[in-house]
Participant: 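Pasting in a structure now, in structure tokens, and then I'll have a few things to ask.
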Amino acid sequence: MATAGKVIKCRAAVAWEPNAPLMMEEIEVAPPQEGEIRIKVVATGVCHTDLYHLFEGKDKRGFPTVLGHEGAGVVESVGPGVTDFKPGDKVIPLFLSQCGECKFCKCPKTNLCDCSWSSKYYDIMSDPTTRFTCHGRPILQFMGTSTFSEYTVINQIAVAKIHDDAPLDRVCLLGCGISTGYGAAVNTAGVTPGSVCAVFGLGAVGLAAVMGCKNAGASRIFAVDINEQKFEKAKVFGATDFLNPKAYNKPISEVLAELTNGGVDFSLECVGNTEVMRTALESCVKGWGVSVLVGWTDVKDFSAKPIQLISGKTWKGSLFGGFKSKDSVPNLVCDYMTGKIKLDEFITHKMSLEQVNDAINLMKTGDCIRCILNISK
């Protein structure tokens with residue numbers, strides 16, 4: 001392409017500081033270096049983790065930055081040493097890399113990667129190395145991706161090549177939320193046929209967890225949320241029972257115990273709230289119940305009474321649904337294209353990049369499951 005090897009000037013939504021609106025800016029995107037790929041971003045979802053960094057984490061060392069990590073696009077150019085990608089390939093950036101060489105990548109028990117930005121810089125949610133500048137200042141690339149930009153540069157170990165026919169304005173959701181929730185159910189929890197499950201929080205991640213429980217053969221799936229408007233959407237993904245904790249004068253864990261003869265087999269916390277994490281654990285049946293922490297937070301501690309675990313319950317955590325990213329995302333795209341998993345049903349809004357602050361406000365108020373930002377044609 002004519003832009004290969006050159007600095008590209010393009011639009012991006014820059015977060016200059018915490019707890020402030022994003023600003024539309026013209027940024028400079030440097031050419032890819034050794035082992036890197038420059039991608040023209042076509043579409044991106046707006047995920048709660050973007051909001052978490054902007055409004056909750058508030059570590060100023062993580063700014064200025066370009067948010068966004070749930071995108072899809074087309075390879076514009078590749079740097080030296082890149083052999084598995086070429087210009088024109090459809091790809092999904094990955095916030096969780098898979099180098100294939102570290103001890104974690106070689107271990108089938110985990111999807112972590114020692115070469116990921118999160119191995120060293122999870123507190124600022126970015127690697128200090130960046131290919132972005134704006135007004136002469138370096139701009140961090142959020143979670144190593146930064147999809148709220150027309151172009152981005154990413155290490156090849158954090159990019160998945162996908163099917164040429166994949167609709168980018170839908171499969172972009174597999175870059176984070178849907179893969180995270182779905183995999184937490186089918187991989188991390190290991191939901192079994194005929195089991196009883198409870199999913200706490202019915203955002204995109206929670207609804208994807210409901211879908212995972214359904215596809216794994218659960219016989220009963222409790223959808224738990226204080227916003228009852230989300231219950232109809234949860235039904236679409238397979239939920240069978242619906243509970244609003246505010247509608248009861250007792251802990252919802254006790255309500256679930258009464259409704260299930262002692263508790264559910266599997267529970268998934270998809271909020272990122274430490275109190276809900278404890279409730280989800282307490283909602284499991286003793287002896288074999290498994291509870292999975294899926295919602296992201298690192299600003300508060302969580303706790304539980306030891307008897308919960310001594311009695312035979314298991315408390316687990318899940319990152320990106322336990323999927324090894326480069327291996328699994330192309331398969332998930334195929335699963336969507338063959339109808340095994342849903343994506344369209346998560347999308348409630350579509351907007352332009354210039355409307356990113358409106359999309360963020362929709363997420364904050366809970367009036368949106370997933371908003372897709374159209375970045376480039």
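All residue numbers in this chain count up from 1 along the given sequence.
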Participant: Is it true that, when you exclude I347 itself, more than 12 heavy atoms of the residues, nucleotides or ligands shown sit nearer than 6.0 Å to its CD1?
Facilitator: yes

Participant: Would D169 and K350 count as a side-chain contact (heavy atoms from CB on, under 4.5 Å) if you check the C-alpha gap in whole Å, the side-chain angles of each, and the deciding distance to 0.1 Å?
Facilitator: CA-CA 9 Å; D169 61 347; K350 290 187 176 182; 3.5 Å; yes

Participant: Go through the structure and list residues passing side chain to side chain donor-acceptor pair (under 3.5 Å) with T65, not counting sequence neighbours.
Facilitator: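 Per chain and number, T65 pairs via side chain to side chain donor-acceptor pair (under 3.5 Å) with no residue.
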
Participant: Judged by atom type as modelled, is there a donor-acceptor pair below 3.5 Å linking the side chain of K316 to the main-chain atoms of T188?
Facilitator: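 Answer holds: yes.
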
Participant: How far apart are the C-alpha atoms of D50 and I360, what are their side-chain angles, what is the distance that settles it, and do they pass the side-chain contact (heavy atoms from CB on, under 4.5 Å) test?
Facilitator: CA-CA 9 Å; D50 300 311; I360 288 172; over 6 Å; no

Participant: Which residues pass the salt bridge (Lys or Arg N to Asp or Glu O under 4.0 Å) test with K86, sequence neighbours left out?
Facilitator: D89

Participant: Judged by atom type as modelled, is there a donor-acceptor pair below 3.5 Å linking the side chain of E56 to the main-chain atoms of L54?
Facilitator: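 Checking the backbone N and O of L54 against the side chain of E56, no donor-acceptor pair under 3.5 Å is found.
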
Participant: Should V14 and V66 be marked as a side-chain contact (heavy atoms from CB on, under 4.5 Å) after you check the CA-CA gap, both sets of side-chain angles, and the distance that decides it?
Facilitator: CA-CA 5 Å; V14 177; V66 172; 4.1 Å; yes

Participant: To the nearest 0.5 Å, tell me how far N374 CG sits from L168 CG.
Facilitator: 11.0 Å

Participant: Determine whether more than 12 heavy atoms belonging to other residues, nucleotides or ligands lie under 6.0 Å from atom CG of D344.
Facilitator: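 Yes, the 6.0 Å shell around CG holds more than 12 heavy atoms from other groups.
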
Participant: Can you name the ring pair (Phe, Tyr, Trp, His ring centres under 6.0 Å) partners of F242, sequence neighbours left out?
Facilitator: F231

Participant: Looking at N331, V91, V171, L174, which hits side-chain contact (heavy atoms from CB on, under 4.5 Å) with I162?
Facilitator: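 For I162, the side-chain contact (heavy atoms from CB on, under 4.5 Å) test succeeds with only one of N331, V91, V171, L174, which is V171.
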
Participant: Can you tell me how far apart CG (L353) and OG1 (T147) are? Round to the nearest 0.5 Å.
Facilitator: 9.5 Å

Participant: Got a salt bridge between R11 and E150, using NZ or NE/NH1/NH2 to carboxylate O under 4.0 Å?
Facilitator: yes

Participant: Sequence neighbours excluded, which residues qualify as ring pair (Phe, Tyr, Trp, His ring centres under 6.0 Å) partners of F346?
Facilitator: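 Per chain and number, F346 pairs via ring pair (Phe, Tyr, Trp, His ring centres under 6.0 Å) with F237.
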
Participant: Is the NZ atom of K342 crowded by more than 12 outside heavy atoms at less than 6.0 Å?
Facilitator: no

Participant: Output yes when a side-chain donor or acceptor of S253 lies under 3.5 Å from a complementary backbone atom of S283, and no otherwise.
Facilitator: no

Participant: Linking I/L/V/M/F/W/Y whenever their side-chain heavy atoms sit closer than 4.5 Å, directly or via other members, would F132 and F148 fall into one cluster?
Facilitator: yes

Participant: Looking only at atom types and distance, does a side-chain atom of Q141 sit under 3.5 Å from a main-chain N or O of V153, one as donor and one as acceptor?
Facilitator: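 Yes.
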
Participant: Spell out, yes or no, whether F320 and L173 are grouped together once hydrophobic residues are joined by side-chain heavy atoms under 4.5 Å, including indirect joins.
Facilitator: yes

Participant: Just say parallel, tilted or perpendicular for the rings of W296 and Y52, cut-offs at 30° and 60°.
Facilitator: perpendicular

Participant: If you measure from CH2 on W288 to OG1 on T314, what distance do you get to the nearest 0.5 Å?
Facilitator: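 W288 atom CH2 to T314 atom OG1 measures 12.5 Å (nearest 0.5 Å).
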
Participant: Can you measure from CZ (R278) to CG (L293) and round to the nearest 0.5 angstrom?
Facilitator: 13.0 Å

Participant: Could you tell me if the side chain of C134 sits less than 4.5 Å from the side chain of R137, heavy atoms only?
Facilitator: no

Participant: Quick one: ring pair (Phe, Tyr, Trp, His ring centres under 6.0 Å) partners of Y336, sequence neighbours excluded?
Facilitator: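 By the ring pair (Phe, Tyr, Trp, His ring centres under 6.0 Å) rule, Y336 matches no residue at all.
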
Participant: Strictly distance-based, threshold 3.5 Å: is any side-chain N or O of E101 a donor or acceptor partner for the main-chain N or O of C105?
Facilitator: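 The answer is no, because no donor-acceptor pair under 3.5 Å joins these two groups.
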
Participant: Are any side-chain N or O atoms of E70 and backbone N or O atoms of G177, one a donor and one an acceptor, separated by less than 3.5 Å?
Facilitator: yes

Participant: For S291 and S267, what are the C-alpha separation, side-chain angles and deciding distance, and is it a side-chain hydrogen bond (donor to acceptor under 3.5 Å, both in side chains)?
Facilitator: CA-CA 5 Å; S291 187; S267 70; 2.8 Å; yes

Participant: According to a 4.5 Å side-chain heavy-atom criterion applied to Ile, Leu, Val, Met, Phe, Trp and Tyr, with indirect links allowed, do V199 and L243 form part of one hydrophobic cluster?
Facilitator: no

Participant: How would you list, by chain and number, every residue that makes a ring pair (Phe, Tyr, Trp, His ring centres under 6.0 Å) with F302, sequence neighbours excluded?
Facilitator: W315

Participant: Quick one: does any side-chain atom of K326 pair with a main-chain N or O of Q156 as donor and acceptor, under 3.5 Å?
Facilitator: yes

Participant: Assess the residue pair I92 and C172 against the criterion (side-chain contact (heavy atoms from CB on, under 4.5 Å)); give the C-alpha distance rounded to whole Å, side-chain angles, the decisive distance to 0.1 Å, and a yes or no.
Facilitator: CA-CA 7 Å; I92 292 179; C172 61; over 6 Å; no

Participant: Could you check whether any side-chain N or O of S97 sits under 3.5 Å from a backbone N or O of I157, counting only pairs where one atom can act as donor and the other as acceptor?
Facilitator: no

Participant: If you round to the nearest 0.5 Å, how far is CH2 of W117 from CG of L96?
Facilitator: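 Output value for this atom pair is 9.0 Å.
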
Participant: Does some side-chain heavy atom of M211 sit less than 4.5 Å from a side-chain heavy atom of I178?
Facilitator: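 Heavy-atom side-chain distance check passes, below 4.5 Å.
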
Participant: Other residues, nucleotides and ligands only: do more than 12 of their heavy atoms fall within 6.0 Å of CE on M351?
Facilitator: yes

Participant: Say whether, by atom type as modelled, one donor and one acceptor occur between the side chain of T348 and the main chain of I369 under 3.5 angstrom.
Facilitator: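 Checking the backbone N and O of I369 against the side chain of T348, a donor-acceptor pair under 3.5 Å is found.
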
Participant: Quick one: which of E282, K286, K313 gives a side chain to side chain donor-acceptor pair (under 3.5 Å) with Q308?
Facilitator: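 Going through the options one by one, the only one that passes is K313.
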
Participant: Nearest 0.5 Å please: distance from the CD1 atom of I221 over to the CG atom of D241.
Facilitator: 9.5 Å

Participant: Is the backbone of L362 close enough, under 3.5 Å, to the side chain of D367 for a donor and an acceptor to pair up by distance?
Facilitator: no

Participant: Can you confirm whether E345 is buried at CD, in the sense that more than 12 heavy atoms of other residues, nucleotides or ligands lie under 6.0 Å from that atom?
Facilitator: yes

